[in-house]
Amino acid sequence: VQLQAFGGGLVQAGGSLRLSCAASGRSFSNHRMGWFRQAPGKEREFVAAVSWSTGSTYYAPSVKGRFTISRDNAKNTVHLQMNSLKPEDTAVYYCAAGRGSYYYKTDDYDYWGQGTQVTVSS
């Protein structure tokens, strides 16, 4: 089972980036796919999640209206479109898959990808 996240980089404030997470090794049709981020010295925090089966989406208040999570069933890939980026969005972003009841809890995700660095300069 593998989740591979990519698409991070350096961008100026106000810019955009698109992260992708490719899933392989098993079916995640009954899972929720999530994006979390961790800034230096801070705990890992929830960013966004999408139900693979229903397409229902969930967002942290800090990113709602700026970020959009989507899934591509045919390619087994989840995307995170990040617009109007702010310096406080700087972090390592992780994708994850889980079937727990709470979409915002790291403990409810069983599979994690490696992180991808997002740096937003002011």
Side-chain angles (χ1 to χ4, degrees):
V1 176
Q2 187 175 17
L3 298 176
Q4 187 173 6
F6 53 95
L10 173 64
V11 64
Q12 287 188 332
S16 299
L17 278 175
R18 188 192 195 207
L19 304 184
S20 298
C21 177
S24 62
R26 65 159 293 161
S27 170
F28 289 100
S29 59
N30 294 323
H31 286 66
R32 183 184 302 117
M33 304 298 293
W35 285 97
F36 289 76
R37 66 188 181 187
Q38 188 166 19
K42 294 187 177 181
E43 292 187 352
R44 192 169 297 188
E45 65 174 5
F46 169 75
V47 175
V50 60
S51 168
W52 204 282
S53 58
T54 67
S56 298
T57 57
Y58 313 88
Y59 295 95
S62 60
V63 307
K64 197 168 186 178
R66 300 188 297 123
F67 291 10
T68 303
I69 189 170
S70 62
R71 75 206 195 287
D72 184 335
N73 289 355
K75 296 184 178 180
N76 243 20
T77 301
V78 175
H79 303 288
L80 184 68
Q81 178 66 42
M82 306 186 295
N83 299 329
S84 302
L85 282 162
K86 305 175 181 179
E88 51 264 43
D89 294 318
T90 295
V92 177
Y93 284 69
Y94 299 89
C95 64
R99 293 192 293 176
S101 300
Y102 301 98
Y103 59 85
Y104 54 89
K105 289 188 174 182
T106 57
D107 288 349
D108 276 18
Y109 289 81
D110 304 306
Y111 304 98
W112 290 85
Q114 89 292 358
T116 184
Q117 177 71 47
V118 171
T119 303
V120 184
S121 62
S122 57

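- Nearest approach of S16 to N83, heavy atoms of both residues: OG-OD1, 2.9 Å.
- Rounding to the nearest 0.5 angstrom, the gap separating the NE2 atom in H31 from the OG atom in S53 is 11.0 Å.
- Taking NZ from K64 and OG1 from T57, the interatomic distance works out to 8.0 Å, rounded to the nearest 0.5 Å.
- For the pair T116 and G8, the tightest heavy-atom approach, listed with the atom from each and the gap, is OG1-N, 3.1 Å.
- Just one of Y104, Y59, W35 meets the side chain to side chain contact (heavy atoms under 4.5 Å, CB included) condition when paired with V47; it is W35.
- For the salt bridge (Lys or Arg N to Asp or Glu O under 4.0 Å) test, no residue two or more places apart in sequence or in another chain qualifies with R32.
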*Between F28 and N73, is a side chain to side chain contact (heavy atoms under 4.5 Å, CB included) present by the stated rule, with each step listed?*
CA-CA 10 Å; F28 289 100; N73 289 355; over 6 Å; no

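- Note that the CG atom of L19 and the CZ atom of F67 stand 8.0 Å from one another [nearest 0.5 Å].
- For the pair R44 and W112, the minimum side-chain heavy-atom distance is below 4.5 Å.
- In terms of heavy atoms, L80 sits closest to A48 at CD1-CB, 4.1 Å.
- Within the 4.5 Å cutoff, the side chain of V63 has no heavy atoms near those of the M82 side chain.
- Checked by atom type and distance alone, the side chain of T77 pairs as donor or acceptor with a backbone atom of K75 at under 3.5 Å.
- Both V11 and Y93 belong to a common hydrophobic cluster when Ile, Leu, Val, Met, Phe, Trp and Tyr are linked at side-chain heavy-atom distances under 4.5 angstrom.
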*Carefully, step by step, assess F46 and T106 under the rule side chain to side chain contact (heavy atoms under 4.5 Å, CB included).*
CA-CA 8 Å; F46 169 75; T106 57; over 6 Å; no

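- Looking at R37 and V118, their side chains never come closer than 4.5 Å, going by heavy atoms from C-beta outward.
- Side-chain contact between I69 and M33 is absent, with no heavy atoms from C-beta onward closer than 4.5 Å.
- The two residues A91 and A39 make their nearest non-hydrogen contact at CB-N, 3.8 Å.
- A donor-acceptor pair under 3.5 Å is formed between the side chain of Q114 and the backbone N or O of A5.
- Ring geometry, Y58 versus Y103: the interplanar angle falls under 30°, so the pair is classed parallel (tilted spans 30 to 60°).
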*asked:* Evaluate W52 against N76 for side chain to side chain contact (heavy atoms under 4.5 Å, CB included), listing each step before the verdict.
replied: CA-CA 9 Å; W52 204 282; N76 243 20; 3.4 Å; yes

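- For T90 (side chain) and V120 (main-chain N/O), a donor-acceptor pair under 3.5 Å exists by modelled atom type.
- Taking the six-membered ring for Trp and thresholds of 30 and 60 degrees, F36 and Y109 have ring planes more than 60 degrees apart, a perpendicular arrangement.
- Residues K42 and Q38 come closest through the heavy atom pair O-NE2, 3.1 Å.
- For L3 against C95, the heavy-atom pair with the smallest separation is CB-SG, 3.9 Å.
- Between the CD atom of E45 and the OH atom of Y94 there is a distance of 12.5 Å, given to the nearest 0.5 Å.
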